[in-house]
Amino acid sequence: MDVRKFSIPEIIFGRGGLRYAGLCARRLGAEKVFLVSDPGVEKAGWVERLMSVLAGEKLNWVYFCNVVSNPRDYQVEAGADLYKLQGADVVIALGGGSPMDAAKGIALLASNGGLITDYEGANRIHRPLPPMLFIPTTAGSGSDVSQFCIITDMKRRVKMSIISRTLVPNISIIDPLILETKTENLIIASAVDALCHAIESYISKIASPFTESQSLKAIDLIVKNLKPAVENRSLENLEQLSIASTAAGMAFSNASLGMAHALAHSLGGIFDTLHGMVHPVLLPSVMRYNYRSCPEKTAVIGRILLGGRRRSEKSTAMAGIVRLEEFLHSFNVSVRLRDIVQNREMLPVLSRIAENDVCLLTNPRPVTWEDFLNVCREAW
Amino acid sequence: MRSETTLEDLIGIEHTKLGFFRDVQEKIAEIRASNKELQARQRHIQAIFDGYTDIAVVVSLDLKIKSVNRVFHEVYKEPHPIGKNCYEVFRGCERPCSSCPVIAARESNEVCRELVIYPLPSGGKNRHFQLTASPLRTPEGKPGQILLLIRDVTLEHEYQARYYQAETMAAIGVLAAGVGHEINNPLTAISGFAEGLNRRLPKLEGRVEDAVLKDFDEYIAIILKECRRAREIVQSLLTFSRQKSSEFIAVDINPLIEETVRLLRHRLKDFPEGHIRLELDRSLPPVKGDPSRLKQVILNNVLNALDATATRGSITLRTYLMNKNWVAIAFEDTGCGIPAQYLGKLFEPFFTTKQVGSGIGIGLSTCHNIISDHGGVIVVCSQEGQGSTFLVRLPLPDQVDNAQL
């Protein structure tokens with residue numbers, strides 16, 4: 001095996017873990033926290049709860065919530081200006097993937113200067129970032145443990161991937177209690193996002209034993225717990241989902257992803273599609289496309305999805321994909337690409353943009369834009 | 001998307017989460033370097049400060065001393081001036097001085113100068129100080145502290161006064177010589193013709209009334225007497241104005257004094273026995289000088305002392321060797337003394353306290369000129385009602401060259 005690397009932040013996991021946020025921030029040297037969240041999280045009352053925790057630690061803070069899903073370049077720049085103007089120190093993000101990625105972008109610009117587009121790509125950051133403490137509220141994005149930051153370049157309408165080990169937060173506090181206020185749609189979307197992270201990182205070209213075990217663990221937990229979590233919203237099931245999401249995050253941060261995410265990024269850039277909406281549509285088609293390059297791994301996934309093996313490796317793999325489709329269908333979400341992209345003429349444009357996405361590097365099977373187009377047509 | 005991203009980039013073995021440790025180390029190194037530079041600069045500034053030959057003091061706006069230079073410690077005894085009020089340290093006062101250039105500089109935000117005369121707190125004579133207070137301005141341009149430079153100009157003022165006096169003497173000398181010569185000619189004519197008249201007087205006997213003749217006789221005698229007096233005045237003017245001294249020879253001072261006192265025998269008849277006491281150092285080496293002019297100085301001073309002791313007191317004339325370099329002649333009397341306000345003017349020409357007709361006031365200034373010509377110094381110290389001492393110092397031969405400095 002080639003030399004691999006596995007790096008993750010300090011992870012604080014458990015019910016009520018939020019109450020350690022103030023202490024952790026202070027340990028990181030905080031006096032005036034830069035707090036990033038979004039109106040949805042604020043409405044659920046968690047921002048207020050976090051502020052009282054910070055106040056209990058006698059910390060000051062600057063609150064920034066000008067964040068939408070698929071955070072934009074100008075929002076990040078405005079946030080960095082506010083950070084510098086206010087002389088803030090530790091960056092805390094409370095929310096899903098969007099506030100967390102926005103917080104990473106803000107931390108990056110506040111310390112390294114320039115424009116967010118200057119850092120597009122891998123390892124272009126040369127100066128340390130402010131300490132970052134992230135508190136995920138969705139159990140899906142994995143941004144709280146990953147080295148990825150996805151920001152939309154509004155001029156090109158492209159979701160830029162910024163990849164750097166220095167974007168891994170210092171501390172991730174995962175408190176399953178926060179998940180209790182999530183809507184049903186959000187629980188499904190983030191769990192499917194985490195499932196996609198798990199599957200794509202598992203079949204990645206740079207997957208290692210350390211990421212693979214996390215990936216498989218995540219797939220298993222999501223398959224077992226998503227249905228009961230949606231039906232009875234029990235804390236036990238939600239907690240298992242957030243373990244799954246964190247495990248998937250650890251896996252993809254180190255093993256990266258594949259063509260499903262490449263396509264999801266181009267969709268998000270052009271149509272501003274919610275990231276979690278894309279995967280139920282694309283994942284089965286992508287798995288079928290990749291099968292030829294990773295039959296054994298697809299079969300391992302199939303065995304977990306099916307709860308046992310079939311006669312052959314191939315039949316296990318294929319049955320697994322069918323089971324995945326059924327599993328996704330059972331949640332009453334869009335499963336056809338036409339629900340997202342009404343105009344079929346746009347598919348070639350999407351495919352050409354996706355062809356350049358950094359996630360394709362680790363896809364087990366080489367992909368051209370025509371391949372993308374075929375997958376899209378299959379999923380349409 | 002930039003195409004050069006590779007799988008190795010994603011694995012990122014060569015990349016880690018960047019920490020602040022190196023940043024902090026670099027900052028510390030930077031701060032150390034700049035601190036070192038600041039210290040060097042501060043030493044440089046202190047060296048400049050200490051290099052001033054005047055006293056330099058930095059004073060805060062509430063008149064507290066912030067720092068002093070080396071010269072301060074040479075002049076003032078105060079070992080710990082920092083933090084004390086400037087007026088306490090410099091003047092020994094309890095409140096700010098009335099004409100304070102520091103306060104003026106603080107109020108006007110401009111350089112202020114002041115000439116003040118006061119003794120050092122450790123005592124001694126009054127000294128002249130030139131004070132210069134310049135505001136050290138803050139970045140906003142307001143005075144933050146005041147730099148006070150204190151220059152002791154006592155000596156400069158003395159030299160200036162001496163220079164002024166020498167100038168005056170020279171000018172008056174020229175004037176006196178001119179006047180003397182101009183008056184001498186008519187005087188010679190007047191006295192010559194008066195003598196002629198006197199010789200012809202007998203021829204008038206019997207031709208005019210006796211009473212008229214007697215008047216003529218008396219008038220001519222008065223004319224001749226006043227002519228003599230006028231000639232003496234002219235002579236003293238010419239002596240005063242003599243620019244070039246004659247050839248100097250080795251002179252023993254003691255015999256000159258004894259000779260002078262002998263000359264005055266008949267004036268001493270009015271005084272009690274032993275009115276003038278001589279305390280002469282017999283081992284006194286000779287000085288170089290003009291004996292007749294030195295005798296004039298001695299005569300003048302003794303005559304002055306006699307005037308001062310007309311009603312009470314006595315006179316002592318002493319000679320001694322002073323600091324191995326000088327021959328000193330002290331004319332001490334315990335007479336009436338000199339009022340303080342006259343002390344500064346004694347050696348000015350034509351200054352006299354005597355009645356009109358009993359002197360024109362050039363005796364002491366002539367003495368001053370003569371002693372100066374000899375490279376010496378004449379000073380006075382007197383207390384009204386207690387007596388006076390005139391001290392003449394003449395340099396020993398090998399000191400003559402330096403004495404003028």
Side-chain angles (χ1 to χ4, degrees), chain A residues 2-9 28-29 111-112 117-132 147-148 153 156 158-170 204-208 211 252-257 262 265-266 353-362, chain B residues 1-46 58 60-62 64 66-67 82-83 106 109 135-147:
Chain A
D2 291 331
V3 180
R4 291 285 182 266
K5 181 165 179 167
F6 188 79
S7 74
I8 55 171
L28 291 173
S111 56
N112 283 253
T117 47
D118 299 341
Y119 303 96
E120 184 179 359
N123 303 318
R124 295 183 186 281
I125 303 173
H126 300 295
R127 290 221 290 267
L129 267 57
M132 293 186 284
Q147 63 164 334
F148 289 75
D153 178 347
R156 291 182 290 154
V158 169
K159 284 183 91 167
M160 298 179 291
S161 295
I162 301 164
I163 306 161
S164 166
R165 292 288 171 185
T166 219
L167 286 173
V168 178
N170 299 60
S204 158
K205 287 202 286 197
I206 58 171
S208 75
T211 63
F252 92 78
S253 178
N254 290 287
S256 191
L257 296 161
H265 288 158
S266 67
I353 292 175
E355 191 187 20
N356 289 321
D357 196 278
V358 74
C359 288
L360 276 194
L361 278 173
T362 46
Chain B
M1 187 66 234
R2 297 176 203 215
S3 54
E4 62 263 39
T5 304
T6 62
L7 278 185
E8 283 65 38
D9 283 329
L10 294 180
I11 298 168
I13 287 170
E14 292 164 14
H15 300 275
T16 55
K17 187 166 176 65
L18 299 170
F20 284 88
F21 183 63
R22 225 185 74 190
D23 257 20
V24 169
Q25 276 185 319
E26 279 169 12
K27 265 274 140 45
I28 288 175
E30 234 169 71
I31 289 170
R32 278 215 185 106
S34 77
N35 187 38
K36 216 168 161 187
E37 195 187 309
L38 279 178
Q39 280 180 343
R41 204 176 297 168
Q42 188 172 356
R43 276 197 298 274
H44 179 65
I45 290 170
Q46 186 64 42
V58 177
S60 65
L61 296 184
D62 58 351
K64 297 247 188 289
K66 289 289 181 194
S67 55
I82 310 297
R106 182 183 70 190
N109 196 11
L136 304 174
R137 298 191 180 93
T138 58
E140 293 82 45
K142 296 198 178 109
Q145 294 180 322
I146 309 287
L147 173 65

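Lettering of chains follows the sequences in order, A, B, ..., and the numbering in each one begins at 1.
Remark: B:K66 NZ is loosely packed, at most 12 non-hydrogen atoms of other residues, nucleotides or ligands lying under 6.0 Å away. Applying the 6.0 Å contact sphere to CD of B:Q42 captures no more than 12 heavy atoms from other residues, nucleotides or ligands.
Counting heavy atoms from C-beta on, the side chains of A:R124 and A:D118 never come closer than 4.5 Å.
Proximity to chain B involves both the backbone and the side chain of A:L361, based on heavy atoms less than 4.5 angstrom apart. For A:L129, the part lying under 4.5 angstrom from a heavy atom of chain B is the backbone only. There is no contact between A:P9 and chain B, counting heavy-atom distances below 4.5 Å. Interface remark: A:D153 contributes no atoms to any contact with chain B (heavy atom separation under 4.5 Å).
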Item to check | Step-by-step side chain to side chain contact (heavy atoms under 4.5 Å, CB included) determination, A:F148 to A:S256 | outcome: CA-CA 9 Å; A:F148 289 75; A:S256 191; 3.8 Å; yes

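A distance-only check finds a donor-acceptor pair linking the side chain of A:N112 to the backbone of A:R127 [under 3.5 Å].
For chain B, the option among A:V168, A:N254, A:I163 with the highest count of heavy-atom pairs below 4.5 Å is A:V168.
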